[in-house]
Structures are given as structure tokens and as C-alpha cells.
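Down below is the structure, laid out as C-alpha cells.
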Protein chains: 2
Amino acid sequence: MTAQPSSAPRSAQRPDRAAPTLVQRIEDLILDEGLGPGDSMPTEPELCERLGVSRSSVREAMRTLASLDIVEVRHGHGTFVGRLSLSPLVDGLLFRARMNHGNDLRTLREVVQIRIALDLAVADELVERYRDTPMPELPGLVDAMRARTAEGKGFAEEDSAFHAALMSLLDNELVQQLGHAFWQIHTIALPALGIAPSRDILDTVDAHRAMLDALAAADVDAYREAVIAHYRPLQRVLESRESVRA
Amino acid sequence: MTAQPSSAPRSAQRPDRAAPTLVQRIEDLILDEGLGPGDSMPTEPELCERLGVSRSSVREAMRTLASLDIVEVRHGHGTFVGRLSLSPLVDGLLFRARMNHGNDLRTLREVVQIRIALDLAVADELVERYRDTPMPELPGLVDAMRARTAEGKGFAEEDSAFHAALMSLLDNELVQQLGHAFWQIHTIALPALGIAPSRDILDTVDAHRAMLDALAAADVDAYREAVIAHYRPLQRVLESRESVRA
DNA sequence: CAAGATTTGTTCGTATGTATA
DNA sequence: CTATACATACGAACAAATCTT
């Protein structure tokens with residue numbers, strides 16, 4: 001009955017002996033040429049020649065690669081190897097969030113759950129690393145958050161910088177990017193869905209400070225507590241919108 | 001100094017007052033029409049008319065949406081709303097893995113680290129859920145793994161089904177998909193990079209059984225141990241290839 | 001500042017391959 | 001087998017953005 005895996009969505013459509021798609025051929029070209037992020041790609045006419053296809057085809061393939069952040073195209077300037085960020089994940093999840101809006105905020109709740117899980121999972125290592133590499137700029141960020149909250153403004157920049165700084169201790173680039181990607185999801189989605197931050201957002205600021213205190217004291221349990229507290233206001237906003245369930 | 005966020009890669013290029021891109025307009029069309037995964041999209045000529053753009057532009061936008069799994073196009077049949085899977089994440093990470101191959105297997109190591117972190121993070125909840133919903137098909141899967149190993153074959157199907165079944169207990173669709181996506185990465189990447197599984201792959205099979213035993217006994221610590229042991233052979237393969245560092 | 005060269009963005013018309021009825 | 005509807009591919013022309021001279 002398991003004739004077709006059927007789980008593999010579209011990526012695994014490589015029957016091995018089939019003709020490589022144009023997207024793959026361009027990927028191979030990047031690798032063969034030894035290009036890295038930021039390096040400029042051949043121009044479209046050049047690619048048409050080298051690959052023996054029309055410009056329309058090259059352009060469609062480039063769009064695919066651009067949406068995966070494998071290339072980055074700048075109008076009137078050229079095409080460059082992209083940064084291989086997780087922006088496609090962000091784009092996909094943002095659309096998913098818009099899609100099941102009206103029903104509930106399921107996607108956003110799940111994103112927050114994963115952020116919590118990730119933060120808790122790296123807590124041990126973070127405490128250890130922080131011992132060797134304290135980060136003197138972090139308290140200033142927390143103060144800035146408080147200041148901006150007092151002004152009635154958001155503190156997205158500071159929040160992003162705070163978490164990015166902590167994650168940078170981990171020597172795992174993918175975790176950093178995943179964290180940033182998930183952070184982006186609700187930072188972009190909530191305002192876009194017209195959902196205002198709750199009043200107890202100040203608790204979030206305090207939780208940031210508590211996280212720093214726990215790190216300075218090398219107290220893993222306290223850090224875990226602070227992380228959970230840190231997400232509580234956000235969770236409250238999301239749960240309060242929990243409505244119809246099919 | 002923070003004039004431009006500049007951290008936002010490409011997704012957030014929405015100065016709010018700028019003309020919505022064609023991709024966004026098609027996304028809006030899907031949402032406005034109330035379409036869901038599997039529903040058929042308007043045909044290309046129809047979209048050209050409704051959106052007032054040429055066929056090529058529609059096609060390029062569709063390619064972008066297809067690579068994000070927001071639409072799925074079936075040759076000669078039509079275009080349909082996609083499943084919103086995490087296939088773009090898989091595609092991007094697979095390319096990244098190919099890119100820093102030759103240097104080291106950094107990306108794959110990071111993927112495994114995240115899988116471990118996720119599995120450990122959900123251990124508590126998993127044990128709890130398993131108490132209420134034991135899954136009688138799982139031991140059979142482990143036996144099948146052992147049988148296939150004895151035949152010298154891989155057990156990708158069984159492994160995938162095993163982890164998918166466990167994750168399905170969690171009531172967090174995103175975690176399931178993330179787990180499956182990361183699983184796909186090294187399952188696809190390792191053979192593609194010509195790296196053979198290590199001899200001690202049998203330990204992985206045993207670890208699967210240990211995971212089940214721990215779940216049946218509702219022993220969280222034992223489950224955590226088994227999870228870690230489960231990844232050890234894979235980690236060994238990846239660490240052994242650690243070579244040049246720039 | 002201005003003109004021109006380069007490069008990507010958009011459009012049209014046409015022909016071809018593929019799945020369904 | 002034929003017909004129809006659909007996606008796929010191509011090539012040429014023009015538009016718009018960017019950089020250089």
C-alpha cells in the first residue's frame with residue numbers, strides 16, 4: 001500500500017535518471033563555479049547561452065531560486081548569490097498564518113510553542129557559554145525596551161538584537177536563524193492581522209532582565225523560568241483570540 | 001542609525017505604500033476567494049485577465065508561489081492551492097548543505113543538533129500523551145527496521161513513520177512538519193553527498209526500541225537517554241568528516 | 001547634470017507537450 | 001483515436017532601474 005511515499009512534497013521529485021531541472025542546473029553552476037553569498041551571477045543572456053535555454057525559462061528558474069534566497073536579483077544591477085537565509089520559511093508561515101486567521105491563531109500559537117521549546121532546549125549550553133562570554137551590551141538593550149514602552153512604542157529592534165546576541169553564543173548558525181525566523185513570524189503577523197499588544201507587555205521587558213540576571217548567576221532553572229515568563233504576555237494575546245474550532 | 005532595519009532579508013520589503021507585488025496579489029486572491037489546500041486555482045489566462053498582467057508575469061509569480069508550496073501546479077491539468085508544507089525549508093537547507101560540503105558538514109551537524117533539541121524539548125509532553133494514547137503499530141516498525149538492516153537495506157520509510165507517529169501525539173502541526181523537514185535533510189543529503197551510513201547503525205534501531213520502552217514505562221529520563229543514543233551513530237558519521245576549518 | 005551602456009522587468013505571439021473527456 | 005483544455009517553452013521587442021562616463 002505504500003507504493004508511493006506521497007509524503008515527499010515536491011522536493012524529492014528526482015527519479016535520479018530524469019533530466020535535471022533548470023533550477024538544479026543553475027544550482028550546480030553556482031557550486032561548480034565555487035560562488036558564495038554576495039558573488040555576482042552571470043547575466044541572464046549569458047545563462048541562456050551557457051544553458052541553452054530561452055530567457056523566459058532562465059527567468060522563471062531564477063524566480064524560484066530567488067524565493068529560496070539562493071539568488072538575489074537587483075533590478076537594473078544584476079543577480080547575485082543569495083544569503084541562504086530562512087526567508088522562505090518566514091514567507092510560507094506568514095501566509096499560513098493569514099490563511100487560518102478568522103478561524104484561530106493556531107499557526108502563531110504553534111510558532112510560540114516552538115520558540116519556547118528551542119529556548120529551553122539551549123538553556124544549559126547558554127548558561128555555560130555566558131559564563132565565559134558575558135555580553136555587556138545586553139542590559140542597555142533592556143533599558144531601551146523599557147524606555148520605548150514608556151513612550152508607547154514597540155521595541156522590536158531591541159528585542160531582536162537581544163535574542164540574536166544570546167543565540168550567537170551557541171555556535172550553531174541554524175539555531176540562530178531559526179530563532180530569528182520564528183521571531184519574525186509573529187512580529188510581522190500580529191500587526192498585520194490588526195492585533196494590538198496586550199497591556200502587560202511590560203512583563204516581557206522585566207522577563208528579559210530576569211533572563212540576564214539568571215545568566216549572570218549561572219542559574220539554569222531561574223533562566224528557564226524567566227524564558228517562560230517572557231512569553232506569557234504573548235501567549236495570553238494568542239489564547240484570548242482562540243475562537244471557533246472545527 | 002537604525003534608518004533601515006536591513007536585517008529583514010527580502011520578505012519585509014513592503015514599505016506599506018508601495019505597489020503590492022504580483023505574488024502578493026495572487027496570495028490575496030487565494031485568501032479573498034476562501035480557497036484552501038487542494039482547491040483549484042483560476043487558469044493562467046483567467047489570472048492574466050483578472051490581474052491585468054501578461055502570461056509570463058503570472059507564470060513567474062506562480063513559480064515563486066509553487067516553490068513556497070503555496071500553489072501546486074500539475075502539468076496539463078491545472079494549478080491548485082498547495083499544502084503549505086515546509087518543502088522550501090528543505091530545499092534551501094539541502095542546497096546549503098551542498099554548498100559547505102568540501103569544507104565540512106556543518107549544516108548537517110546543526111540540523112541534527114536541532115532535531116535532538118526538539119525531541120528533548122517535547123519529551124515531557126510526549127510521555128504524558130503516550131500514556132493516554134499508546135500506539136500499537138510502533139513495535140512493528142522497529143522490527144521492520146531490524147529486518148531491513150539485516151538485509152543490508154536502509155529503513156527510511158519506517159524511520160519516518162516512527163517519528164511522525166510520535167510527533168502526531170503533540171497537537172502541534174508545525175512541530176510535526178519541522179521534525180519531518182529536518183529528518184528529510186540528512187536522509188536526502190547524506191546519500192547525495194556519497195556518505196555511507198556507519199556500521200553501528202544497528203544501535204539506532206535498538207535506540208528506537210528503547211524509546212518505546214521508556215514511553216511505555218512513562219520514564220522521561222530514560223526516554224531522553226534513548227533519544228540521545230538514537231542520534232549517536234548519525235553524529236559519529238558527521239563528526240568523523242569534520243575536516244578543514246577556514 | 002546628462003547621455004549611454006548594461007541589466008533586469010514586462011509583454012506579445014506562437015508552437016509544443018501533456019492530461020482529460 | 002480525436003478533440004479540447006491546460007501548462008510549458010521559446011524568441012523578440014520594449015520598458016524601467018542602475019551604474020558609468
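Treat the numbers as computed from the prediction; the structure is a model and nothing was measured. Chain A is the first sequence line, chain B the second, and so forth, proteins listed ahead of strands; every chain is numbered from 1.
Here Glu27(B) pairs with Arg98(A) in a salt bridge; the nearest charged N to carboxylate O distance falls below 4.0 Å. Looking at Arg106(B) and Glu173(A), a side-chain N of the basic residue comes within less than 4.0 Å of a carboxylate O on the acidic one, giving a salt bridge.
For Asp32(B) (side chain) and Leu29(B) (main-chain N/O), no donor-acceptor pair under 3.5 Å exists by modelled atom type. Checked by atom type and distance alone, the side chain of Gln235(A) never pairs as donor or acceptor with a backbone atom of Val112(A) at under 3.5 Å. Judged by distance alone, the side chain of Ser160(A) and the main-chain N or O of Ala156(A) form no donor-acceptor pair under 3.5 Å.
Between the side chains of Asp159(A) and His208(A), at least one donor-acceptor pair of N or O atoms lies under 3.5 Å.
Within the 4.5 Å cutoff, the side chain of Phe95(A) has no heavy atoms near those of the Leu65(B) side chain. Between Glu110(A) and Gln177(B), the closest side-chain pair of non-hydrogen atoms is not below 4.5 Å.
Evaluation of atom-type donor-acceptor distances gives a pair under 3.5 Å for the side chain of Arg55(B) against the base of dA7(D).
Ser57(B) comes within 4.0 angstrom of the backbone, heavy atoms only, and of no base.
Summarising the geometry, the separation between CD on Glu72(A) and P on dT18(D) is reported as 13 Å, rounded to the nearest angstrom. Rounded to a whole Å, the CZ atom of Arg74(A) is 14 Å from the P atom of dT7(C). The CZ-P distance, from Arg63(A) to dT8(D), rounds to 15 Å in whole Å. Between the P atom of dT7(C) and the CE atom of Met62(A) lies a distance of 13 Å, rounded to the nearest Å. Distance Arg59(B) CZ to dG9(C) P: 17 Å, rounded to the nearest Å. Atom CG in Leu47(A) sits about 17 Å away from atom C1' in dA9(D), given to the nearest Å. As a whole-Å value, the separation of Arg25(B) CZ from dT10(C) C1' is 14 Å.
Comparing dC10(D), dT8(D), dC6(D) by their closest approach to the side chain of Thr43(B) singles out dC6(D). Candidate nucleotides dA7(D), dA9(D), dT10(C) were compared by shortest atom distance to the side chain of Thr79(B), and dA7(D) ranks first. Comparing dT8(C), dT10(C), dA7(D) against the side chain of Glu44(B) picks out dA7(D) as the nearest.
Taken residue by residue, residues 28-40 of chain B places no heavy atom nearer than 4.0 Å to DNA chain D.
Taking all atoms of both residues into account, the shortest heavy-atom contact from Arg115(A) to Tyr231(A) is NE-OH, 3.1 Å.
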Pairs under 3.5 Å (N/O, protein and nucleotides 16-21 of chain C):
none

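Residues Val58(A) and Pro45(B) both approach DNA chain D. Their nearest nucleotides, taken by heavy-atom distance, put Pro45(B) toward the 5′ side. Positionally, the nearest nucleotide of DNA chain D for Glu46(B) lies more toward the 5' end than for the other of Glu46(B) and Glu60(A).
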